[in-house]
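Working notes for the structure below.
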2 protein chains.
Amino acid sequence: MALLASGKTRPVRLADIAKAAGVSHGTASNVFARPEIVREEVRERVKAAAEAMGYGGPDPKGRLLRAGKVNAIGVATAEPLSYFFDDPFARVMMASISQACDATGAGISLVSAANNEQLAWNIQSALVDGFIVFCVDGGSKLVELARERKLPFVALDLDSDDDEAVAAIGVDNIAGAGLAARHLTELGHRRFAVLALPVADSGFGPTTQEQVEKALYSGTRDRLRGYFAELSRFDIDVSRVPIYETVNDEESVWAGLDHIFAGAETPTAILAMSDRIALHALDWLRQRDIAVPGDVSIVGFDGVPEGAVSKPPLTTIVQPIAEMGRLAVKAILENDGSFSRQSLPVDLLVRASSGPSPA
Amino acid sequence: MALLASGKTRPVRLADIAKAAGVSHGTASNVFARPEIVREEVRERVKAAAEAMGYGGPDPKGRLLRAGKVNAIGVATAEPLSYFFDDPFARVMMASISQACDATGAGISLVSAANNEQLAWNIQSALVDGFIVFCVDGGSKLVELARERKLPFVALDLDSDDDEAVAAIGVDNIAGAGLAARHLTELGHRRFAVLALPVADSGFGPTTQEQVEKALYSGTRDRLRGYFAELSRFDIDVSRVPIYETVNDEESVWAGLDHIFAGAETPTAILAMSDRIALHALDWLRQRDIAVPGDVSIVGFDGVPEGAVSKPPLTTIVQPIAEMGRLAVKAILENDGSFSRQSLPVDLLVRASSGPSPA
DNA sequence: CACTTTCGTTGGATCGGTTCAAATTTTGAC
DNA sequence: GTCAAAATTTGAACCGATCCAACGAAAGTG
């Protein structure tokens with residue numbers, strides 16, 4: 001019974017068993033850390049004492065202080081913890097981070113919090129050797145917090161506003177978005193709509209280019225710039241392209257489509273700033289029997305695996321997610337100060353959600 | 001530049017800034033931990049000193065030792081770390097564990113390792129207040145390791161062999177499997193095949209009831225017992241039902257189906273011990289134009305979300321995964337010793353992968 | 001038997017904080 | 001101006017280990 005949950009009392013320390021076994025604490029420590037250097041007779045005696053007193057081995061809390069290294073990397077986000085398991089992009093990223101960590105024997109600590117106050121505290125008190133910061137949302141706040149810890153850290157996102165001094169790995173959002181826009185214009189599309197990622201913490205709803213230019217989140221801003229720069233080159237009046245800010249979930253995406261398709265002049269092409277948005281959009285369109293790509297084409301952004309099996313499979317801008325994760329872990333573990341910012345290439349992957357304009 | 005990666009030298013401790021600010025370390029500590037009790041003038045002076053010396057706040061390593069609680073729970077598995085993000089069952093479980101942790105402000109540490117030696121060390125040195133142990137594979141070894149830490153822990157699995165003393169949360173595998181088997185027999189099926197979860201660490205291939213009875217993993221054994229008990233009640237000769245041991249991945253499942261369908265008397269009903277197995281099986285059957293449920297019916301086990309959107313949607317035994325996660329976290333955090341073992345109910349969820357026997 | 005190695009053990013210093021009883025200073029009341 | 005009460009600050013003790021210089025005993029050498 002006592003085994004179940006060894007109650008509230010576990011005051012048994014290394015020193016206790018040392019005393020019980022009649023040896024110094026130094027020797028007792030050696031029994032666990034370097035058994036080979038202590039005489040067998042003594043070793044057995046100490047182990048027996050440990051066993052008898054229900055000692056669970058040297059407490060890592062103590063060791064840690066002296067050793068210095070935790071041997072774990074923290075992955076932080078401003079979203080709730082379940083984001084790591086719910087979001088397709090995060091999942092792929094985490095899978096590759098995991099692999100890199102496994103390869104080096106490092107552990108992973110998930111750092112997040114329900115509210116901002118908690119978040120700050122959790123970052124300040126995370127037992128890690130460094131941070132990888134997911135910047136999807138509330139990025140700069142997080143980066144600031146992480147930097148205050150004065151530990152090595154890498155932001156997963158290339159915020160063009162950020163100090164050059166913050167290490168970051170990301171993709172060229174402007175170029176990627178440009179690729180998506182060009183693909184659709186080349187297919188003859190002229191009437192566009194944009195389903196945007198969050199612009200600020202303010203919820204969702206229709207927004208404007210001006211709003212987005214002031215966006216808190218540079219990823220959102222850069223992708224829009226990329227879209228519009230390319231559309232402009234094809235003489236499309238971007239001031240008339242509706243932009244709807246979503247929060248990357250079903251509800252806001254559907255609301256966005258309701259709004260966009262309520263107008264007189266409905267788009268034939270949708271630029272979605274994430275695959276998740278695009279996939280939710282696909283569901284909405286299917287429910288209304290709007291053919292994709294017959295009536296409407298749509299291009300996502302990210303390149304998550306779900307896009308390969310959607311109906312229809314999603315044309316998208318693929319980020320080298322796995323590579324990003326690998327580099328991030330490497331940057332933390334081999335923190336030699338040489339690392340700063342790295343921009344990885346993106347690719348247009350044409351699948352079946354985009355086709356010639358119906359007009 | 002020095003900001004990027006503050007080099008190898010960070011010998012600035014609380015004591016250093018205390019000296020610099022001309023206060024005792026006790027006061028310096030208070031500035032960070034309970035700012036309100038120190039006079040404003042002093043507080044500012046200490047903060048200024050900290051800023052000037054590049055102090056990143058009290059190191060949690062130090063605090064930890066005194067505080068005792070880490071405020072994080074460890075989730076352990078014998079699989080590689082990426083299992084948490086790749087496996088559908090694990091993902092749902094982790095999502096619910098995350099939610100429970102978020103609600104209480106606890107963090108999550110993922111504990112795993114590439115090899116067994118590493119695993120033992122990682123468990124011994126994990127900085128956590130307790131463990132949730134995924135017992136899918138190598139369960140008993142893990143449970144043993146976790147128990148040696150003498151920390152509260154819960155096994156996610158009701159191994160009937162385990163000591164009554166190990167706290168565990170699981171489902172009644174026998175009853176669940178029975179539900180699956182009865183559903184199919186009631187639809188008129190008489191020719192069955194079983195795609196099993198791992199029986200031992202030995203890889204995959206055809207196996208027998210006798211082998212499974214000796215299985216290392218009780219989940220596998222109990223599910224088979226459940227299937228066969230029910231089939232026997234319908235006068236089906238279970239000794240002729242082929243059993244193929246998979247490792248829960250595409251390759252082994254496909255090999256299993258190759259093997260099973262190579263025989264003269266092909267089954268009309270497949271009992272899959274996990275949804276993941278069932279979903280891979282669905283792919284195999286589709287590729288061979290074997291109609292589901294026209295030619296072959298299949299029932300999975302777990303109730304993962306992917307089963308709802310497969311082609312066709314999967315009939316399965318649903319486990320209350322979210323509830324299990326919640327209870328596990330609760331058991332760790334409110335470790336009052338009252339908890340021991342808990343068996344949760346499973347349900348048959350009939351979707352479109354099962355139908356009347358073709359005969 | 002004295003003298004150097006080798007082996008195993010000891011105990012103090014240290015890691016970086018938090019805590020709390022006691023000491024000190026400030027404030028308020030008369 | 002005096003004294004008690006309130007507000008701050010101090011410094012020692014402690015959290016649980018690891019590390020290492022020094023030491024004692026046993027073994028080896030001449």
Side-chain angles (χ1 to χ4, degrees), chain A residues 9-46 49-50 53-71 121 124-129 149-151, chain B residues 8-47 49-50 53-71 121 124-129 149-151:
Chain A
T9 55
R10 160 150 139 66
V12 40
R13 302 184 311 285
L14 186 52
D16 298 328
I17 79 148
K19 192 181 309 168
V23 299
S24 73
H25 59 264
T27 298
S29 174
N30 285 334
V31 169
F32 293 96
R34 286 124 68 201
E36 69 281 2
I37 75 164
V38 20
R39 193 151 43 92
E40 168 153 10
E41 189 261 319
V42 175
R43 197 194 316 150
E44 291 311 322
R45 184 149 41 94
V46 172
M53 303 179 69
Y55 181 64
D59 189 329
K61 291 204 269 302
R63 174 181 19 241
L64 177 59
L65 193 48
R66 180 139 260 278
K69 283 200 87 62
V70 183
N71 198 34
W121 172 254
Q124 280 160 20
S125 59
L127 293 156
V128 298
D129 298 321
R149 245 330 260 290
K150 305 257 154 63
L151 286 177
Chain B
K8 37 231 13 174
T9 54
R10 161 149 140 66
V12 38
R13 301 183 311 287
L14 186 52
D16 299 328
I17 80 148
K19 192 183 307 172
V23 299
S24 73
H25 55 257
T27 298
S29 173
N30 284 334
V31 169
F32 294 96
R34 285 126 67 203
E36 68 282 3
I37 75 163
V38 19
R39 194 153 41 92
E40 170 155 7
E41 189 262 317
V42 176
R43 197 193 317 150
E44 292 310 324
R45 184 149 40 94
V46 172
K47 279 190 175 163
M53 304 180 67
Y55 181 66
D59 189 329
K61 291 204 269 301
R63 171 176 30 235
L64 178 60
L65 195 49
R66 178 143 265 273
K69 285 199 86 64
V70 183
N71 199 32
W121 172 254
Q124 280 161 19
S125 59
L127 292 156
V128 298
D129 298 322
R149 246 328 262 290
K150 305 255 156 58
L151 286 177

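By convention in this document, chain letters (A, B, ...) are assigned in the order of the sequence lines, proteins followed by strands, and residues within each chain are numbered from 1.
The nearest whole Å value for the distance from the CZ atom in A/Phe32 to the P atom in D/dA17 is 9 Å. Across the protein-nucleic acid pair, B/Asn30 atom CG and D/dA7 atom P stand 16 Å apart, rounded to whole Å. A/Arg149 places its CZ atom 10 Å from the P atom of C/dG17, with the value rounded to the nearest Å. Distance CG (A/Leu14) to C1' (D/dC14): 16 Å, rounded to an integer number of Å. As rounded to whole Å, 20 Å separates atom P of C/dC15 from atom CG of A/Asp59. We find that CG of A/Leu64 is positioned 12 Å from P of C/dG17, with the value rounded to whole Å. Atom pair B/Leu127:CG and D/dC15:P shows a separation of 19 Å (rounding to whole Å applied). B/Lys61 places its NZ atom 13 Å from the P atom of C/dC15, with the value rounded to the nearest Å.
Using a 4.0 Å heavy-atom criterion, one finds that A/Arg34 contacts the sugar-phosphate atoms exclusively.
Taking 3.5 Å as the limit, the base of D/dT18 and the side chain of A/Arg63 contain no donor-acceptor pair of atoms between them. Side-chain atoms of A/Arg66 and base atoms of D/dC19 include no donor and acceptor less than 3.5 Å apart.
Using a 4.0 Å cut-off, no side-chain N or O of A/Tyr55 falls inside it from OP1 or OP2 of D/dG16. For A/Arg13 and D/dA17, the shortest distance from a side-chain N or O to OP1 or OP2 is not below 4.0 Å. Between A/Arg39 and C/dC7, a side-chain N or O to OP1/OP2 separation shorter than 4.0 Å is absent.
Nearest heavy-atom pair across B/Pro60 and A/Gln124 is CG-O, 3.6 Å. The minimum heavy-atom distance linking B/Ala50 with B/Phe32 is given by the pair CB-CZ, 4.0 Å. Contact record, B/Leu14 with B/His25: CD2-O, 4.4 Å, taken as the closest heavy-atom pair.
Contact annotation: the side chain of B/Val12 never approaches that of A/Lys150 to less than 4.5 Å [non-hydrogen atoms, C-beta and beyond].
Here C/dG12 is the nucleotide among C/dT10, D/dA13, C/dG12 with the atom lying nearest to any side-chain atom of A/His25.
Residues B/Arg13 and B/Asp16 are paired through a salt bridge, judged by an N-O separation under 4.0 Å between the basic side chain and the carboxylate.
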Is there a side chain to side chain contact (heavy atoms under 4.5 Å, CB included) between A/Val70 and A/Asp129 once you walk through the steps?
CA-CA 6 Å; A/Val70 183; A/Asp129 298 321; 3.5 Å; yes

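Contacts between residues 15-24 of chain A and DNA chain C, counted as heavy-atom distances below 4.0 Å, involve A/Val23, A/Ser24.
Between the OG1 atom of B/Thr27 and the CD1 atom of B/Ile37 there is a distance of 8.0 Å, given to the nearest 0.5 Å.
When each of B/Val42 and B/Leu65 is assigned the nucleotide of DNA chain D bearing its nearest heavy atom, the one mapping closer to the 5' terminus is B/Val42.
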